[in-house]
Participant: 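Below is one structure. I have some questions about it.
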Amino acid sequence: MMKEKTKKEKVPRPKYNMGQNSWFMIKLAWTSGEKKVLVLSLLSAILAVALNLVNLYVSPMILSVVERHAPVSELLFTIVGFVLCLMLVSAASTYVNANTLYGRINVRCEIINLLNKKAATTSYPNVDDDGFQKLLAKSGECIDSNRAATEAIWTTLTTLTANFLGFLVYVSLLTSVQPLLILVILMTTVISYFISNYMNGYGYRHREEEAEAERHMWYISGRARDLSAAKDIRIFGLRPWLDDLFGKAMDTYTAFQRKAQSVYIWAKIADLVLTFLRNMIAYAYLIGLVLQEGLSVAEFLLFFNAVGGFTEWVSGILGGFNTLHKQSLDISTVRECLEYEEPFKFDGGEHMEAKADGKYEIRLENVSFRYPGADKDTLTNINLTLHPGEKLAVVGLNGAGKTTLIKLICGFFDPTEGRVLLNGKDIRNFNRADYYTMFSAVFQSFSLLAGTIAVNVAQNDIGIDMERVKECVEKAGLRTKIESLPDGYETYLNREVYEEAILLSGGETQRLMLARALYKNAPFIVLDEPTAALDPISESELYQKYSELTSGRSSIYISHRLASTRFCDRIIMIDNAGISEEGTHDELMKLGGKYAEFYEVQSKYYKEGDVDHGEE
């Protein structure tokens, strides 16, 4: 039973079929203001059939005129007439096809925007969800070029429409010769279609295997280019190791592609054999009509070309369905990513408005949390209340669960058991985006946007209050540094995007984060060990700075250096998945428990400063 379940999980069925995905793209083109994509695609299909019919009749009609020994003027008129038709239809087709590209690109860009929005706003648990990340990586391939399914599908739908129209026209033509001939062509092409359809689905059935290899390659490649890792790569000689890892990931990916291509080749061979049989039967029958019923040269040429053309229409329809099937699998992947389940309420839920001077209480009632796939809880039965205006410190050893506790309070995770309450209401009932406005946080891994200093402080590039930006930068103690730069607040950060960007020191970056937190002016301030890279005295000074500038607002401070948070109203010690000690610094020191033990050990390393610096 276990083996059967594993096998089923490795062969996922697409959530949407070809018809549903085609309709999705049509609706998207309509709602995104690109209706011309639909009109031009239909017009392109009609012109393709018209051009084919002109080419089909041109030779038989000229031969018919010659066979009747018609005047030269009639022959010339026929030739000129067909030449003009070919020129006009060809010109119209070329013009229409050239103008379809721009609208199709815009529709694909709309999907790119939707995926970017999904990735940027999805519920936080999805960020760590392997299934979502694989879907997101695979979806990226489906939008990365003009050949990607989200754009190429328009060519497929246009070709299919043309093939259907041509099929109907040729059926009416060949029925007058032998309906059985139509049946033979249909049977052989349908068999070819189903064989190819199954084999071409190999890539989708093994998409997770492919996505896993791709993720490894892109991760290693990204880390090798990451400026923050540049020093480590050089100092520790990591280049050969990274090359080896990338080579192994590439070998895995290449092996998968070779296996997939071998499957596709067998599909092509089967199609080739059936095509040969189909054409042999059709041409043999037509030759028999010439010998037994005396078809004219013009009629023979017309039906001979019609048989070949009909075969192409049928093959085009079934080949188009094969192509549409593969493209539909990719589009289904994109849709599954866009519609990935959101555990939090973003579109619904009770709306709220954060007020910086508001009185808010956060209470955790019997809260436990276990990460997906873990065999035990990270936190168990936590009961904690953060009172309005209180400064709370959370301390403990690395891995004790401090950051997890913060993520529960901030609403990044929902408890496995218990409730997180804001002024007595379960936060799961609130609109989660509104709830996030309650917090101004600086985490261990903070983000510097590829933008100006002003944009990084305001976290927005529209409607920035420059006076407020300068005020917050002044309070953070960074104004002299910024105003000494040639471009001041318009100086760019992040050299991965801007060559002229500057690099701030660790302390300067921390102060920029302080300015960002002050600019948002939220009722709760959260610092989750953002100063871990600083020395103890600098960290303590920065925490004191935060405390002074956020007076009156509720604050949560996390630090593995216990002296940095001794100014807080209350300190909790996280140990063994729970709160082991709670109280002020002096109370915990008198208690003589783990907090006092850890503090005494750490205080031996503090060599300068006074009590305000956390020195002993």
Side-chain angles (χ1 to χ4, degrees), residues 3 5-15 111-112 115-116 118-120 122-145 147-150 200-264 326-327 329-338 340-341 371-375 399 444-445 447 450 494-497:
K3 288 183 178 179
K5 184 177 180 182
T6 303
K7 186 176 180 181
K8 287 181 181 178
E9 289 176 349
K10 289 183 178 179
V11 188
R13 291 178 61 85
K15 186 175 180 180
I111 296 177
I112 293 174
L115 281 172
N116 286 340
K118 179 71 174 182
T122 190
S123 300
Y124 188 82
N126 289 345
V127 175
D128 291 328
D129 187 333
D130 194 52
F132 176 75
Q133 291 302 322
K134 286 180 179 178
L135 273 178
L136 192 60
K138 190 65 180 176
S139 297
E141 298 174 22
C142 305
I143 58 173
D144 64 355
S145 71
R147 297 186 299 275
T150 47
N200 285 329
Y202 178 86
Y204 181 82
R205 294 193 298 273
H206 297 82
R207 60 178 179 165
E208 289 194 6
E209 180 183 343
E210 182 182 15
E212 185 73 17
E214 288 175 340
R215 281 210 304 155
H216 286 169
M217 284 194 304
W218 288 117
Y219 172 75
I220 297 167
S221 177
R223 291 302 298 165
R225 296 194 305 268
D226 189 351
L227 291 176
S228 64
K231 295 188 292 293
D232 294 306
I233 291 173
R234 287 158 176 77
I235 290 295
F236 294 101
L238 299 179
R239 177 62 183 270
W241 180 60
L242 289 172
D243 286 343
D244 183 55
L245 286 178
F246 186 81
K248 289 178 180 178
M250 176 64 82
D251 289 343
T252 302
Y253 180 75
T254 302
F256 174 84
Q257 292 299 330
R258 285 174 181 165
K259 188 174 182 180
Q261 290 304 318
S262 67
V263 173
Y264 300 150
K326 289 192 288 185
Q327 291 170 344
L329 296 178
D330 284 345
I331 293 172
S332 187
T333 298
V334 171
R335 295 183 67 185
E336 288 171 34
C337 183
L338 290 174
Y340 203 82
E341 183 180 0
Y371 285 95
D375 55 0
Q444 296 179 46
S445 299
S447 59
N494 195 324
R495 286 186 178 173
E496 292 183 7
V497 179

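Here the structure is a predicted model, which means the values were calculated and not measured.
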Participant: Show the nearest heavy-atom pair for residues Val127 and Thr122, with the distance to one decimal.
Facilitator: CG2-CG2, 4.4 Å
Participant: Assess the side chains of Tyr340 and Asp129: does a donor N or O sit below 3.5 Å from an acceptor N or O?
Facilitator: yes
Participant: Are Thr254 and Gln257 close enough that some pair of their side-chain heavy atoms sits under 4.5 Å apart?
Facilitator: no
Participant: Within this structure, what is the CG-CE distance for the pair Asp243 and Met250, rounded to the nearest 0.5 Å?
Facilitator: 11.5 Å
Participant: When rounded to the nearest 0.5 angstrom, what distance separates CG in Leu115 from CG in Leu135?
Facilitator: 10.0 Å
Participant: Could you give the distance from CG (Leu338) to OG1 (Thr333), rounded to the nearest 0.5 Å?
Facilitator: 11.0 Å
Participant: Kindly indicate whether the side chain of Phe132, heavy atoms from C-beta on, has any atom under 4.5 Å from the side chain of Lys118.
Facilitator: yes
Participant: Check for a donor-acceptor pair, side chain of Ser221 on one end and backbone N or O of Met217 on the other, with a separation under 3.5 Å.
Facilitator: no
Participant: Would you check if the side chain of Asp330 reaches a backbone N or O of Ile143 as a donor-acceptor pair within less than 3.5 Å?
Facilitator: no
Participant: Kindly check if the number of other-residue, nucleotide or ligand heavy atoms within 6.0 Å of OH (Tyr371) is above 12?
Facilitator: yes
Participant: If we ignore hydrogens and angles and just use 3.5 Å, is the side chain of Gln327 paired with the main-chain N or O of Thr150 as donor and acceptor?
Facilitator: no
Participant: Give a yes or no on whether the backbone of Arg147 and the side-chain of Ser145 come within a donor-acceptor separation of less than 3.5 Å.
Facilitator: yes
Participant: Are the side chain of Glu336 and the backbone N or O of Lys15 linked by a donor-acceptor pair below 3.5 Å?
Facilitator: yes
Participant: Using a strict threshold of under 4.0 Å (side-chain N to carboxylate O), is an ion pair present between Lys134 and Asp130?
Facilitator: yes
Participant: Measuring from Arg234:CZ to Arg239:CZ, what's the distance to the nearest 0.5 Å?
Facilitator: 9.0 Å
Participant: Rounded to the nearest 0.5 Å, what's the gap from NE2 on His216 to NZ on Lys248? Could you check?
Facilitator: 12.5 Å
Participant: Return the minimal non-hydrogen interatomic distance between Pro240 and Gly237, and the atom names on each side.
Facilitator: CD-O, 3.3 Å
Participant: Measuring from Ile112:CD1 to Ser139:OG, what's the distance to the nearest 0.5 Å?
Facilitator: 11.5 Å
